[in-house]
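Please read all numbers here as calculations on a predicted model, not as lab measurements.
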Amino acid sequence: MKAAVHSRYGPPEVVRIAEVDKPEVRDHEVLVKVHVTTVNRTDCGFRAGKPFIVRFFSGLIRPKVTVFGSEFAGVVEAVARGVTSFEVGDKVFGFNEDRFGAHAEYLSIPEDGPLATMPANVTYEEAAPSTEGSHYALSLISKAKIQSGQRVLVNGGTGAIGSAAVQLLKSLGAVVTAVCDTEHVELVRGLGADRVIDCMAEDFTKDEQTYDVVFDAVGKSSFGRCKRLLKPGGIYLSSDLGPLSLNPILALITPLFGGKKVMFPIPPKRDQEIVRHFKDMMESGAFKPVIDRRYRLDQIVEAYRYVETGQKIGNVVISVDPAI
Ligand SMILES: NC(=O)c1ccc[n+]([C@@H]2O[C@H](COP(=O)([O-])OP(=O)(O)OC[C@H]3O[C@@H](n4cnc5c(N)ncnc54)[C@H](OP(=O)(O)O)[C@@H]3O)[C@@H](O)[C@H]2O)c1
């Protein structure tokens, strides 16, 4: 089968298209013919081997995994012995962040892994980018136990995580202020934000309002800078390690003092329940992933280069099967 492979850490150019064996399908696993995948920030981090800490999971010197790609949407091509929840021909989607392998024509995944059948009202292109950024957003929002009526500020409402966070927060009934640049104010308002701060015109950390939660979805701020925006007992969430990788440490220390605190869930929950959650949300129309650029699998190096600019709007999708 055709796959985007690499054998060392490095820039986008370490990735090339090659013919490789189809993945083995063990008992209780399904083989998925991938129609659409994505290139996301997690793929970029693991491909580059940065931050260095990822190498403790992915191989210290060389990557253990040679085909990246976590998100996928496609069709079940075969089921192994013991599979009861999926049948050949089922349209499925999900993310395989423990094993990767979605930048290929086929991937294998345990039937109880993070996948689900696709909602009838979405396309492969919409289903594929619906889980990676959004599961980080959901993990953080769940950790903070955000309730209806709470005021939440999302810094970076246009990223994969931020654009999902705005929609998830609105579905919970939160009052959302989102921060983005001038060009994307209308897009973010369209996601449901009650108020949008244009970061080109205003420094959001000087905002007069206070919030129950500040969610930095692009890792461009810090607890220190955002503290004054928080109500007493307010929570600072970040999807990024933060300056000097302090966020996980602050998440351990700040709750001890009983005031404003940092939350940083490690590792985020990634299971079938999460994929079903997004299936339900897409089915009801409460969530629709934002799609920016589209590439073919043989253009994946270009896709990586674009994602690494840090300026994609929502998600970048890769068509693996050009016929779809
Ligand atoms: N915890 C984890 O394991 C994990 C996993 C994935 C990602 N992350 C981190 O989470 C963050 C977000 O990930 P993502 O996938 O959502 O990123 P992304 O989609 O690449 O985010 C890009 C978006 O962020 C916006 N942006 C950049 N700087 C901004 C700023 N100063 N203010 C407001 N918006 C800004 C960009 O808009 P403009 O073009 O207008 O600047 C662009 O739309 C990254 O820091 C990433 O490293 C963490």
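The one candidate from E77, R26, R99 that meets the side-chain hydrogen bond (donor to acceptor under 3.5 Å, both in side chains) condition with S108 is R99. None of L297, V5, V301 except one satisfies the side chain to side chain contact (heavy atoms under 4.5 Å, CB included) rule with I17; the exception is L297.
The local environment of CG in N121 is crowded, with over 12 non-hydrogen atoms from other residues, nucleotides or ligands closer than 6.0 Å. Heavy atoms from other residues, nucleotides or ligands lying under 6.0 Å from CZ of R294 number more than 12. Counting heavy-atom neighbours within 6.0 Å of L256 CG, excluding the residue itself, gives a total above 12. Within 6.0 Å of the CD atom in E13, the count of heavy atoms belonging to other residues, nucleotides or ligands exceeds 12. Around the NZ atom of K170, the shell of radius 6.0 Å holds more than 12 heavy atoms that belong to other residues, nucleotides or ligands. More than 12 heavy atoms of other shown residues, nucleotides or ligands fall within 6.0 angstrom of atom CD in E283. Applying the 6.0 Å contact sphere to NZ of K33 captures more than 12 heavy atoms from other residues, nucleotides or ligands.
Taken to the nearest 0.5 Å, the NE2 atom of H103 stands 12.5 Å off from the OG1 atom of T66. Atoms OG and NE2, from S70 and H135 in turn, are 8.5 Å apart once rounded to the nearest 0.5 Å. Rounded to the nearest 0.5 angstrom, Y211 OH and R228 CZ are separated by 10.0 Å. Between atom CG of residue D207 and atom CD1 of residue I197 there is a gap of 4.0 Å, rounded to the nearest 0.5 Å. The CD1 atom of I300 sits 7.5 Å away from the CG atom of D43 when rounded to the nearest 0.5 Å. In this structure, OG on S58 lies 12.0 Å from CZ on R47, to the nearest 0.5 angstrom.
Taking every heavy atom of both residues into account, G233 and K261 meet most closely at O-NZ, 4.1 Å. For V175 against G149, the heavy-atom pair with the smallest separation is CG2-O, 4.0 Å. Shortest non-hydrogen contact noted between V317 and P129 is CG1-CG, 3.8 Å. For V20 against A3, the heavy-atom pair with the smallest separation is CG2-CB, 3.7 Å. For the pair V188 and C180, the tightest heavy-atom approach, listed with the atom from each and the gap, is CG2-SG, 3.7 Å. Looking at every heavy atom in both residues, V122 comes nearest to A127 through CG2-CB, 4.0 Å.
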Test log, rule side-chain contact (heavy atoms from CB on, under 4.5 Å), inputs E19 and K2: CA-CA 5 Å; E19 281 296 322; K2 210 198 286 181; 4.2 Å; yes
Residue pair F72, L107: steps toward the side-chain contact (heavy atoms from CB on, under 4.5 Å) verdict: CA-CA 9 Å; F72 62 90; L107 69 78; 3.7 Å; yes
Residue pair L140, S239: steps toward the side-chain contact (heavy atoms from CB on, under 4.5 Å) verdict: CA-CA 8 Å; L140 284 152; S239 60; 4.1 Å; yes
Salt bridge (charged side-chain N to carboxylate O under 4.0 Å, His left out) between D98 and R270, worked out: CA-CA 9 Å; D98 293 330; R270 50 174 84 104; 3.5 Å; yes
Verdict with supporting geometry, D212 and K231, salt bridge (charged side-chain N to carboxylate O under 4.0 Å, His left out): CA-CA 6 Å; D212 297 286; K231 292 180 185 175; 3.3 Å; yes
Test salt bridge (charged side-chain N to carboxylate O under 4.0 Å, His left out) applied to E302 and R305, step by step: CA-CA 5 Å; E302 222 178 297; R305 286 190 196 121; 5.8 Å; no
Intermediate values then yes/no, side-chain contact (heavy atoms from CB on, under 4.5 Å), I109 and V92: CA-CA 11 Å; I109 182 166; V92 290; over 6 Å; no
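Remark: the backbone N or O of K145 is paired with a side-chain donor or acceptor of Q147 at under 3.5 angstrom. Judged by distance alone, the side chain of Q167 and the main-chain N or O of L191 form no donor-acceptor pair under 3.5 Å. Formation of a donor-acceptor pair under 3.5 Å by the S163 side chain with backbone atoms of G314 is not found in this model. Between the R293 side chain and the A303 main chain, no donor and acceptor come within less than 3.5 Å of each other. Using modelled atom types, no side-chain atom of K50 and backbone atom of F52 make a donor-acceptor pair closer than 3.5 Å. Checking side-chain atoms of D194 against main-chain N and O of V176 turns up a donor-acceptor pair under 3.5 Å. Side chain of Q272 to main chain of E111: a donor-acceptor pair is present (N/O by atom type, distance under 3.5 Å, no hydrogens or angles). At least one donor-acceptor pair under 3.5 Å links the side chain of E71 to the backbone N or O of E132. Not one N or O on the side chain of D216 forms a donor-acceptor pair closer than 3.5 Å with the backbone of Y236. In this structure, the side chain of D271 does not engage the main chain of P114 through any donor-acceptor pair within 3.5 Å.
Counting heavy atoms from C-beta outward, T117 and K279 have side chains that approach closer than 4.5 Å. Contact check for F204 versus T177: no side-chain heavy atoms found under the 4.5 Å cut-off. Using a 4.5 Å heavy-atom cutoff, the side chains of M282 and F93 are in contact. A heavy-atom distance below 4.5 Å is not found between the side chains of Y304 and V14. No side-chain heavy atom of L230 sits under 4.5 Å from any side-chain heavy atom of I235. Side-chain contact between N40 and N315: absent, with no pair of heavy atoms (C-beta onward) separated by less than 4.5 Å. Side chains of E29 and V83 form no contact here, defined as non-hydrogen atoms less than 4.5 Å apart. Within the 4.5 Å cutoff, no side-chain heavy atoms of V152 are placed close to those of L237.
A single hydrophobic cluster is seen to contain both L169 and V185, as judged by linkage of ILVMFWY side chains at heavy-atom distances under 4.5 Å, directly or through other members. When hydrophobic clusters are built by joining Ile, Leu, Val, Met, Phe, Trp and Tyr residues whose side-chain heavy atoms come closer than 4.5 Å, directly or via intermediates, V36 is not grouped with V32. Both V196 and I313 sit in one connected hydrophobic cluster of ILVMFWY residues. Membership requires side-chain heavy atoms under 4.5 Å apart, directly or through other members. Residue V320 is grouped with residue Y295 when hydrophobic side chains (ILVMFWY) are merged at heavy-atom distances under 4.5 angstrom, including chains of intermediate members. Hydrophobic clustering (ILVMFWY, side-chain heavy atoms < 4.5 Å, transitive): F215 and L187 are in one cluster.
Ring orientation note: the planes of Y124 and H35 are nearly perpendicular, at an angle over 60° on the 30°/60° scale. Aromatic ring pairs are classed by plane angle as parallel below 30°, tilted from 30° to 60° and perpendicular above 60°; the pair F278 and F287 is tilted.
Residues D240 and R41 are not paired through a salt bridge, judged by the lack of any N-O separation under 4.0 Å between the basic side chain and the carboxylate.
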